[in-house]
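Just so you know, these numbers come straight off a predicted model, no measurement behind them. A, B, ... follow the sequence lines: proteins, then strands. Residue 1 opens every chain.
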Amino acid sequence: MSPDPIWFRPPPRPTRVPEAPPRKEPPSVEITIDGVKRQAPEGSTILEACRAAAIETPTLCYLENLTPVNVCRVCVVEVVGSRVLVPACSRKVEAGMTVLTDSERVRLSRKMVLEFLGSSVDLSTAPGVESMMKRYGADPKRYGAPAPAAAANARDAREPGHHHAPDGRAAETVAQPVKIDNDLYVRDYGKCILCYKCVEACGTDAQNTFAISVAGRGFDARISTEANVPLPDSACVYCGNCIGVCPTGALMFKSEHDLRAAGEWNESKQTKTDTICPYCGVGCTLTLHVQDEHIVKVTSPMDREITHGHLCIKGRFGFDFVHPRGDGSPDDRVR
Amino acid sequence: MDIRVSADEPTSEERAAIDAVLGAPTSSWTGGERDTEGEGHTSLHAGREARSRRDLLLPALHAAQSRVGWITPGALATICKRLTIPPAEAHGVASFYHLFSTTPRPPAVAHVCDDIACRTRGGESICAMLLRTLGPEGSPARDGRMTWKRSPCLGLCERAPAALFTIAGERPRTFTLAPVTKASAIEAALESRETETSARQRIESVRRSVPQSGQPGLRLLRRVGQVDPEGLDAYRASGGFEALRRALSIGPAKVIEEVIASNLVGRGGAAFPTGRKWDAVLKAPARPHYLVCNADESEPGTFKDRLLMEGDPFAVLEGILIAAFAGGCERGFVYVRGEYPLAAERMERAIAAARAGRILGPSVLDSDFAFDVEVRRGAGAYICGEETALFNSIEGKRGEPRNKPPFPVHVGLFGKPTLVNNVETLANVPLVILDGGAAFAKSGTAGSSGPKLFCVSGHVTRPGLYEVPFGKTLRDVVDLAGGVLGGREIGAILLGGAAGVFVGDDRLDVPLTFEGTRAIGATLGSGVVMVFDHTTKLGDVLLRIAAFFRDESCGQCVPCRVGTVRQEELLQRLAAARPLGSLAQEKTLLREIGQAMRDASICGLGQTASSAVESALARFEPFSSGSTKR
Ligand SMILES: Cc1cc2nc3c(=O)[nH]c(=O)nc-3n(C[C@H](O)[C@H](O)[C@H](O)COP(=O)(O)O)c2cc1C
Ligand code: SF4
Ligand code: SF4
Ligand code: SF4
Ligand code: FES
Ligand code: FES
């Protein structure tokens with residue numbers, strides 16, 4: 001008798017979730033981008049068509065895993081026949097559309113959007129923006145010296161409607177002190193470009209917690225919890241998904257914030273390691289950012305179908321147990 | 001949805017005010033966190049019903065605000081629980097509208113207009129007086145009983161200077177006073193207990209704003225100031241609902257044919273052909289179809305829709321009914337700006353009377369057409385006149401415009417096909433049906449058919465609302481209003497409102513038609529003709545306009561949110577003769593700011609925020625000392 005009966009050896013378990021059956025390819029439409037005729041799937045956006053054609057298009061409020069809100073307007077392109085420019089990130093292609101991605105008008109609007117942001121927001125930790133600025137010749141200094149920063153919570157108290165007229169001596173900004181009210185992450189709204197991504201991630205696009213929203217109006221609009229209460233008093237569950245989508249570093253791991261404040265943040269010394277979250281059966285992919293043998297932040301790749309880059313508090317912040325306490329004692333690991 | 005609300009409790013008065021809007025809670029569970037032990041599991045489904053009434057958020061916030069003067073954390077928490085709205089979102093909504101306050105505010109507030117028409121009539125000096133008697137804007141005065149605030153245009157420009165009063169309490173009241181020239185009058189109004197005026201006085205107040213009232217040949221203004229605006233029988237006796245009857249007998253397709261033949265285009269500013277819009281709604285497959293009457297009229301200098309609603313609300317309602325019938329709409333909303341208490345009240349009364357007379361309801365005039373409509377009040381936000389922002393506002397959200405496409409005829413209110421028209425457009429509709437489309441098209445000019453209302457204000461002898469057939473010139477309209485006040489010279493005329501353009505007296509012969517104004521690079525906009533005499537400091541007017549756009553930008557998109565700020569700062573530099581770099585550099589910068597706002601903004605607010613400013617700088621030297629005259 002065989003020592004290994006057939007029933008004893010089940011087929012190997014698949015290591016990935018089975019793929020969904022292939023979808024029918026949508027019919028494609030012909031559009032012209034910068035004079036070149038191209039095919040694009042019906043229902044796709046101008047941005048997708050541009051990317052397929054390797055035309056670099058700046059984006060700030062767009063992210064693959066969120067519903068486009070088209071508010072930053074840095075991606076605008078010219079569609080021949082349209083009175084105004086259109087946002088590439090949300091406008092769908094239509095048969096016969098003629099798109100210009102580098103016309104005079106497009107370049108001017110992109111430059112101005114970048115200048116408007118650069119002159120009112122601290123973009124020092126926003127990856128990629130500097131090269132966009134260079135590409136479009138944006139000069140945020142044209143608007144004069146920045147106005148002094150607002151006091152803590154002063155911007156949150158502003159009412160809609162009348163403002164005190166400026167005297168033109170300085171350019172208004174959103175500068176304000178960092179909000180540090182918990183041990184996990186900080187909110188530095190002086191770096192906020194109001195791209196709505198965190199609100200979307202906290203809302204129906206990922207977390208469904210609705211702890212934050214846009215409050216106020218006009219230039220005084222800001223991201224706020226209910227009545228601007230500190231995060232621990234809000235509905236926040238510290239999933240950190242808002243941090244994951246923030247394009248400017250306005251939302252930041254406290255660990256990263258502290259290291260930056262101490263001048264010790266050093267990305268060239270960091271490694272990124274993908275692993276699986278140890279906590280539950282969902283098995284989200286984590287990317288551990290490690291500097292000096294310490295996890296300094298955790299992200300999740302956007303292209304994994306389990307998470308689309310979103311995590312929960314355990315995967316995002318529950319990593320401290322792997323760090324030795326430093327005194328070498330055996331219970332280092334069971335803190 | 002699992003929502004977490006704060007433990008703040010409302011006072012019993014606040015709770016009663018909120019319940020008056022939302023109805024008493026149907027179970028002991030009031031939304032939010034559940035007590036399954038107390039309630040049993042069967043009640044776990046009650047939330048969906050509540051969630052689907054998010055559109056009651058603004059009415060509930062109004063109720064809370066008008067009870068105690070501001071929206072307390074307790075009131076907000078209760079509303080959130082009752083409607084299952086996350087508190088952060090509700091806070092975002094409440095803090096968007098300038099008639100709401102999320103911080104303590106005295107119960108009696110005077111909102112004093114300091115906008116461009118009122119400035120020509122001493123609006124700024126009233127603010128200065130109030131600063132002396134009641135203290136700084138927004139600070140509590142007289143033992144915290146009252147305060148005053150500056151306000152953008154209140155739509156009372158023909159009686160400038162104007163003020164709006166919101167008095168919270170057991171019997172909350174909102175009323176306006178114009179003209180109001182003394183700080184003492186404002187304080188008296190803040191202290192007043194009653195503002196009942198007789199029906200006659202009310203008709204007279206309308207008549208005063210419509211100098212042509214009673215003249216033969218008027219069409220849109222035929223009844224205004226003549227026929228009792230609160231009497232259904234009076235309206236019927238003056239030919240009312242004849243057009244509706246005819247429309248019901250010829251059917252939607254034929255109605256649309258007539259409206260297309262009439263060449264009627266929208267009077268809300270965008271001049272879109274009305275018939276084509278209706279046709280698209282009728283043919284939209286999704287159900288239900290909604291109708292929205294846009295009565296948010298907040299364009300500085302505009303007051304035509306207010307006077308139509310105050311003076312002839314049934315005619316507006318008749319237009320609504322015909323439009324709804326043509327578009328296959330089942331339900332409608334009249335969105336009236338929060339600053340128009342009398343107009344909202346008149347529309348509400350007209351609707352109630354029509355409902356009682358079975359002109360609204362399951363069987364309109366005994367036909368098989370079913371339709372009902374209700375009034376929704378805005379809460380202080382110019383941007384909510386933009387149609388998609390208006391939808392969001394009705395839905396209980398921040399009044400942020402949506403990106404188009406999709407257009408409202410396909411995806412509008414509550415995501416359904418929506419027919420949205422301006423009040424004046426709808427008031428034209430009965431005329432179109434009674435005349436027949438072809439005859440209507442013959443009135444006016446080839447490109448602009450029908451009668452048109454012009455809101456004439458500023459330095460003219462008889463400011464007011466004037467009706468003329470399309471084709472009259474700017475000079476005709478200024479002459480109708482008695483020419484420039486005190487026989488002075490014209491400095492500049494603002495056409496089309498803050499989103500319009502300034503022209504000089506060399507343009508007096510331009511015909512006030514869509515094509516005529518377009519030919520000179522101007523616009524009819526919402527029908528504003530605001531005259532500034534040659535002594536006016538045009539620079540001050542421009543600074544106010546720039547501030548207006550900055551205040552009223554919803555803040556959603558970068559070009560408008562920051563562009564309006566940079567534009568204002570730049571104008572302040574010019575006003576102070578303190579340019580950054582050379583004057584030429586400043587002019588280039590201003591042009592670039594303007595172009596980016598025009599090209600890259602989401603909606604018409606940002607797209608037109610530089611229009612008046614740029615037109616003034618091109619034609620005048622607003623910041624040089626001396627007169628406005630070129
Ligand atoms: C910033 C902004 C404000 C507007 N305000 C109003 C308004 O107060 N009343 C109005 O009827 N239309 C207003 N509109 C135009 C509306 O979006 C819409 O075009 C109009 O209600 C359509 O009606 P109509 O075709 O009858 O003109 C505004 C548009 C913008 C961009
Ligand atoms: S951490 Fe999560 S729950 Fe908290 S605000 Fe961010 S997205 Fe919302
Ligand atoms: S905090 Fe970050 S994600 Fe949120 S709106 Fe600001 S920039 Fe965008
Ligand atoms: S243009 Fe201005 S008002 Fe319109 S969506 Fe953009 S920020 Fe809002
Ligand atoms: S990326 Fe398209 S508008 Fe922001
Ligand atoms: S009411 Fe004051 S400007 Fe219109």
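- Only the backbone of B:Arg598 comes within contact range of chain A, with heavy atoms under 4.5 Å apart.
- Taking CZ of B:Arg4 as the start and SG of A:Cys236 as the end, the distance is 9.0 Å to the nearest 0.5 Å.
- With a 4.5 angstrom heavy-atom cutoff, B:Tyr97 touches chain A only via backbone atoms.
- For chain A, no part of B:Ala94 is nearby; none of its heavy atoms comes within less than 4.5 Å.
- A donor-acceptor distance shorter than 3.5 angstrom exists from the side chain of A:Arg217 to the backbone of B:Phe96, with no hydrogens or angles considered.
- With a 4.5 Å cut-off on side-chain heavy atoms, A:Glu226 and B:Pro86 do not count as touching.
- Side-chain contact check for A:Ser119 and B:Arg566: at least one donor-acceptor pair (N or O, by modelled atom type) lies under 3.5 Å.
- For the atom pair SG (B:Cys557) and CZ (A:Phe116), the distance works out to 10.5 Å, reported to the nearest 0.5 Å.
- The part of A:Ala211 that comes within reach of chain B is its backbone (N, CA, C, O), which places non-hydrogen atoms under 4.5 angstrom from that chain.
- No donor-acceptor distance shorter than 3.5 angstrom exists from the side chain of B:Arg578 to the backbone of A:Arg169, with no hydrogens or angles considered.
- With hydrogens and angles ignored, the 3.5 Å screen pairs a side-chain donor or acceptor of B:Ser95 with a backbone N or O of A:Gly216.
- In A:Lys141, the NZ atom is not crowded: 12 or fewer heavy atoms of neighbouring residues, nucleotides or ligands sit closer than 6.0 Å.
- Most heavy-atom pairs under 4.5 Å with chain A, from the set B:Gly138, B:Gly380, B:Ser151, B:Gly399: that is B:Ser151.
- Using a 3.5 Å distance cut-off with no hydrogens or angles, the side chains of A:His164 and B:Glu137 do not pair a donor with an acceptor.
- Within residues 539-550 of chain B, the residues approaching chain A closer than 4.5 Å by heavy atoms are, in numerical order, B:Arg544, B:Ala547, B:Arg550.
- Rounded to the nearest 0.5 Å, atoms CD1 (B:Ile593) and CG (A:Leu108) are 10.5 Å apart.
- Proximity of B:Asp599 to A:Arg105: side-chain heavy atoms (C-beta onward) are separated by under 4.5 Å at one or more points.
- Proximity to chain B is limited to the backbone of A:Asp233, based on heavy atoms less than 4.5 angstrom apart.
- For the pair A:His162/B:Asp114, a side-chain contact is recorded, criterion being any heavy-atom separation below 4.5 Å from C-beta on.
- Looking at B:Glu552, its side chain never comes within 3.5 Å of a backbone N or O of A:Gly161 through a donor-acceptor pair.
- Between chain A and the residues B:Thr102, B:Leu580, B:Leu589, B:Ile383, the largest count of heavy-atom pairs under 4.5 Å involves B:Leu589.
- Within the model, atoms NE2 of B:His91 and OG of A:Ser224 stand 4.0 Å from one another, a figure rounded to the nearest 0.5 Å.
- Only the backbone of B:Ser601 comes within less than 4.5 Å of a heavy atom in chain A; its side chain stays farther off.
- Counting only heavy atoms from C-beta outward, the side chains of B:Ser6 and A:Val229 never approach each other to under 4.5 Å.
- Both the backbone and the side chain of B:Ile602 come within contact range of chain A, each with at least one heavy atom under 4.5 Å from a heavy atom of that chain.
- The part of A:Ala170 that comes within reach of chain B is its backbone (N, CA, C, O), which places non-hydrogen atoms under 4.5 angstrom from that chain.
- The structure places CD of B:Glu89 at 9.5 Å from SG of A:Cys202, a figure rounded to the nearest 0.5 Å.
- With B:Gln572 contributing its side chain and A:Pro166 its backbone, the two residues share a donor-acceptor pair below 3.5 Å.
- Contact of A:Glu159 with chain B is made through the side chain alone, with heavy-atom distances under 4.5 Å.
- The contact between A:Thr225 and chain B is made entirely by backbone atoms, counting heavy-atom distances below 4.5 Å.
- When heavy atoms are compared at a cutoff of 4.5 Å, A:Ile212 approaches chain B solely by way of its backbone atoms N, CA, C and O.
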Table please: side-chain donor-acceptor pairs of residues 80-95 of chain A below 3.5 Å, with sequence neighbours left out.
unit_1  : atom_1 : unit_2   : atom_2 : d
A:Ser82 : OG     : A:Val84  : O      : 2.7
A:Arg83 : NH2    : B:Gln607 : OE1    : 3.4
A:Ser90 : OG     : A:Asn70  : OD1    : 2.8

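- For chain B, the nearby part of A:Val76 is the side chain; its heavy atoms alone come within less than 4.5 Å.
- With a 4.5 angstrom heavy-atom cutoff, B:Pro152 touches chain A via backbone and side-chain atoms both.
- Neither the backbone nor the side chain of B:Glu586 comes within contact range of chain A, judged by heavy atoms closer than 4.5 Å.
- Contact check for B:Pro559 versus A:Met112: no side-chain heavy atoms found under the 4.5 Å cut-off.
- Within the 4.5 Å cutoff, the side chain of B:Arg561 has heavy atoms near those of the A:Leu117 side chain.
- Atoms CZ and SG, from A:Phe219 and B:Cys560 in turn, are 12.0 Å apart once rounded to the nearest 0.5 Å.
- A:Arg142 and B:Glu592 are joined by a salt bridge, as a carboxylate oxygen and a charged side-chain nitrogen come within less than 4.0 angstrom of each other.
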